[in-house]
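Worth knowing before you read on, the calculation uses all heavy atoms, side chains too, and leaves out hydrogens, waters and symmetry mates. We count ligands from 1, going down the list as the structure has it; atoms in each ligand are counted the same way.
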Amino acid sequence: MRVHVADHPLITHKLTVLRDRATPSPQFRSLVAELITLLSYEATREVRVEPITVQTPVAPYTGLAISKPVPLVVPILRAGLGMLDGMMAVLPNAEVGFLGMARDESTLQPTTYAERLPEDLSGRQCFVLDPMLATGGSLGAALEFLFQRGASDVTAICILGAPEGIARLEKETEGRDVRLVLGALDERLNEHGYIVPGLGDAGDRLYGLAE
Ligand SMILES: O=P(O)(O)OC[C@H]1O[C@H](OP(=O)(O)OP(=O)(O)O)[C@H](O)[C@@H]1O
Ligand SMILES: O=c1cc[nH]c(=O)[nH]1
Ligand SMILES: [Mg+2]
């Protein structure tokens, strides 16, 4: 797995406001959207393109167009949904698949409650969105869904990651072409499986309490 941690003062600035417990949901949602737009610039660096010729008012010009099949963007519900619009602003022709996952807060095991993905993902570039990579259980399970359908070129975009989750994904994706783009790599997980210093529960901060 190739890991890229964004190193940009604008990203750190926005992340600092996002982490602040005093930041209310409306501002939190806007910041997540802004951050994904910045992270997607790095995450789409290897998007597949092909030459296309257009006619400028002056002369023919051969540039680039995104290749077919178009990329698939997969937000992991709930929290990943907060990243979808920002990603689609960058890749407006992409298709969207959905995975709904919830982590049991005592066992930290994810369960999948929704799955809507194309049957065949062979030859398809996939971009998975989830703001938080903690133990890696949820993202690992999401990647496995994609691999089972033939995906071989996957980029995951997370706003924050923990070393424990990265180590787990490194093992689970060994031999596969996976990139991970992070807004920041945090210190560790606490005894409840939360990222430290982190930002708390991303789903709750975006959308309110789950209960
Ligand atoms: O790396 P892990 O240990 O699996 O934890 C990370 C997962 O936890 C959060 O989702 P949550 O289960 O809270 O669901 P939500 O998006 O509905 O809040 C987060 O958005 C990830 O999907
Ligand atoms: O810190 C964490 C860990 C898992 N899920 C979250 O939303 N936050
Ligand atoms: Mg949550």
Side-chain angles (χ1 to χ4, degrees), residues 1 3 5 14-29 31-33 35-36 39-40 43 73-87 96-117 126-147 154-173 178-211:
M1 184 169 74
V3 181
V5 182
K14 288 181 192 300
L15 264 175
T16 304
V17 185
L18 197 74
R19 290 178 191 274
D20 188 342
R21 64 188 298 173
T23 300
S25 277
Q27 194 184 357
F28 191 95
R29 282 195 292 272
L31 283 164
V32 167
L35 276 161
I36 176 65
L39 292 176
S40 67
V73 176
V74 182
I76 303 179
L77 311 183
R78 285 177 303 170
L81 211 47
M83 301 163 76
L84 180 61
D85 285 352
M87 188 70 188
V96 184
F98 293 90
L99 281 172
M101 291 187 171
R103 186 176 82 150
D104 182 306
E105 293 301 337
S106 49
T107 65
L108 303 183
Q109 297 305 310
T111 53
T112 304
Y113 58 83
E115 179 266 299
R116 194 82 162 88
L117 295 172
C126 299
F127 294 89
V128 182
L129 311 178
D130 193 333
M132 309 302 276
L133 167 61
T135 66
S138 305
L139 188 54
L143 295 179
E144 192 53 37
F145 270 104
L146 302 180
F147 297 149
V154 181
T155 299
I157 311 175
C158 301
I159 291 177
L160 294 184
E164 294 89 334
I166 293 180
R168 177 174 177 164
L169 289 183
E170 295 269 16
K171 275 198 202 121
E172 290 182 1
T173 64
V178 175
R179 292 178 77 223
L180 171 66
V181 176
L182 291 177
L185 174 57
D186 274 11
E187 285 165 27
R188 62 184 171 87
L189 298 180
N190 69 12
E191 64 278 22
H192 305 294
Y194 274 77
I195 298 175
V196 180
L199 52 75
D201 187 300
D204 290 355
R205 294 200 63 189
L206 280 162
Y207 300 120
L209 293 175
E211 303 303 321

Review point. Quick one: does Asp201 get a heavy atom under 4.0 Å from ligand 1?
Key: yes
Check your understanding: Where do Leu189 and Glu164 come nearest, in terms of heavy atoms and distance?
Key -> N-OE2, 3.0 Å
**Study point:** Contact with ligand 1 for Gly136, non-hydrogen, under 4.0 angstrom
**Key:** yes
Check your understanding: Which of the numbered atoms in ligand 1 are below 4.0 angstrom from a heavy atom of Met132?
Key -> 6 (C), 19 (C), 21 (C)
Exercise for review: Run down the list Gln109, Met101, Met83 and name the one with the heavy atom closest to atom 14 (O) of ligand 1.
Suggested key: Met101
Practice item. Under 4.0 Å from a heavy atom of Ala102: give me the atoms of ligand 1 that qualify, with their elements. Key: 12 (O)
Exercise for review: Answer yes or no: does an N/O atom from Ile76 fall short of 3.5 Å to an N/O atom of ligand 1?
Suggested key: no
Point to revise | Validation row: Leu199, Phe28 side chains within 4.5 angstrom (heavy atoms) | key: yes
Exercise for review: Work out whether the distance between some heavy atom of Gly200 and some atom of ligand 2 is less than 4.0 Å.
Suggested key: yes
Point to revise | Beyond-backbone contact of Leu99 with Leu117, side-chain heavy atoms, under 4.5 angstrom | key: yes
Point to revise | Mode of Thr135 contact toward ligand 1 - side chain, backbone, both, neither (heavy atoms, under 4.0 Å) | key: both
Point to revise | For Cys126 against Leu146, the heavy-atom pair lying closest together | key: CB-CD1, 4.1 Å
Exercise for review: With rounding to the nearest 0.5 Å, note down the distance linking CG in Leu84 to CD1 in Ile36.
Suggested key: 9.0 Å
Exercise for review: Check whether any side-chain heavy atom of Glu187 sits under 4.5 Å from a side-chain heavy atom of Pro197, and report yes or no.
Suggested key: yes
Check your understanding: Quick check: does Leu108 get an N/O under 3.5 Å from an N/O on ligand 1?
Key -> no
Point to revise | Flag side-chain contact, heavy atom, 4.5 Å: Leu180 against Leu133 | key: yes
Review point. Under 4.0 Å from any heavy atom of Ala79, which atoms of ligand 1 are there?
Key: 16 (O), 20 (O)
Review point. Considering only protein heavy atoms, which is closest to atom 4 (C) of ligand 2, and at what distance to one decimal place?
Key: Arg103 NH2, 3.4 Å
Check your understanding: Closest heavy-atom contact between Thr173 and Met1?
Key -> OG1-CB, 3.8 Å
Exercise for review: Find out whether Leu39 and Met83 are in side-chain contact, i.e. whether some heavy atom of one side chain is under 4.5 Å from a heavy atom of the other.
Suggested key: no
Check your understanding: In terms of atom number and element, which parts of ligand 2 are under 4.0 angstrom from non-hydrogen atoms of Ile195?
Key -> 1 (O), 2 (C)
Check your understanding: Near Gly137, which atoms of ligand 1 are under 4.0 Å from a heavy atom of that residue?
Key -> 1 (O), 4 (O)
Check your understanding: Based purely on interatomic distance, does Leu139 place a nitrogen or oxygen under 3.5 Å from a nitrogen or oxygen of ligand 1?
Key -> no
Point to revise | Salt bridge flag under 4.0 Å for residues Glu170 and Arg168 | key: no
**Study point:** Heavy atom of Arg205, distance to ligand 2 below 4.0 Å
**Key:** no
Review point. Could an N or O of ligand 1 be found under 3.5 Å from any N or O of Tyr113, whether backbone or side chain?
Key: no
Revision key, fill the gap. For Asp130, the atoms of ligand 1 under 4.0 Å from one of its heavy atoms are 19 (C), 20 (O), 21 (C), 22 (O)
Check your understanding: With a cut-off of 2.8 Å, does any N, O or S atom of Asp201 fall short of it relative to the Mg ion (ligand 3)?
Key -> yes
Practice item. Using distance alone, decide if ligand 2 has a nitrogen or oxygen within less than 3.5 Å of any nitrogen or oxygen in Ala134. Key: no
Practice item. Look at ligand 1 and say whether Pro110 reaches it with a heavy atom at a distance under 4.0 Å. Key: no
Study note, to complete from the structure: Quick note on ligand 1: atoms under 4.0 Å from a heavy atom of Arg103 include exactly 2 (P), 3 (O), 4 (O), 5 (O), 12 (O)
Exercise for review: Within a distance under 4.0 Å of any heavy atom of Ala202, pick out the atoms of ligand 2 and give their elements.
Suggested key: 6 (C), 7 (O)
Review point. Quick one: does Asp204's side chain get under 4.5 Å of Arg78's, heavy atoms only?
Key: yes
Exercise for review: For Ala202 and Ala79, work out which heavy atoms get closest and say how close.
Suggested key: CB-CB, 4.0 Å
Review point. Any side-chain heavy atom of Val178 within less than 4.5 Å of one from Leu169?
Key: no
Practice item. Before signing off on this row, confirm whether Asp204 and ligand 1 have an N or O atom pair separated by under 3.5 Å. Key: no
Point to revise | Sub-4.5 Å side-chain heavy-atom contact between Leu139 and Cys158 | key: yes
Check your understanding: Quick one: does Gly193 get a heavy atom under 4.0 Å from ligand 2?
Key -> yes
Review point. Where is the nearest protein heavy atom to atom 2 (C) of ligand 2: which residue, which atom, and how far?
Key: Tyr194 CD2, 3.4 Å
**Study point:** Point-to-point distance, once rounded to the nearest 0.5 Å, from CG of Leu15 to CG of Asp20
**Key:** 12.5 Å
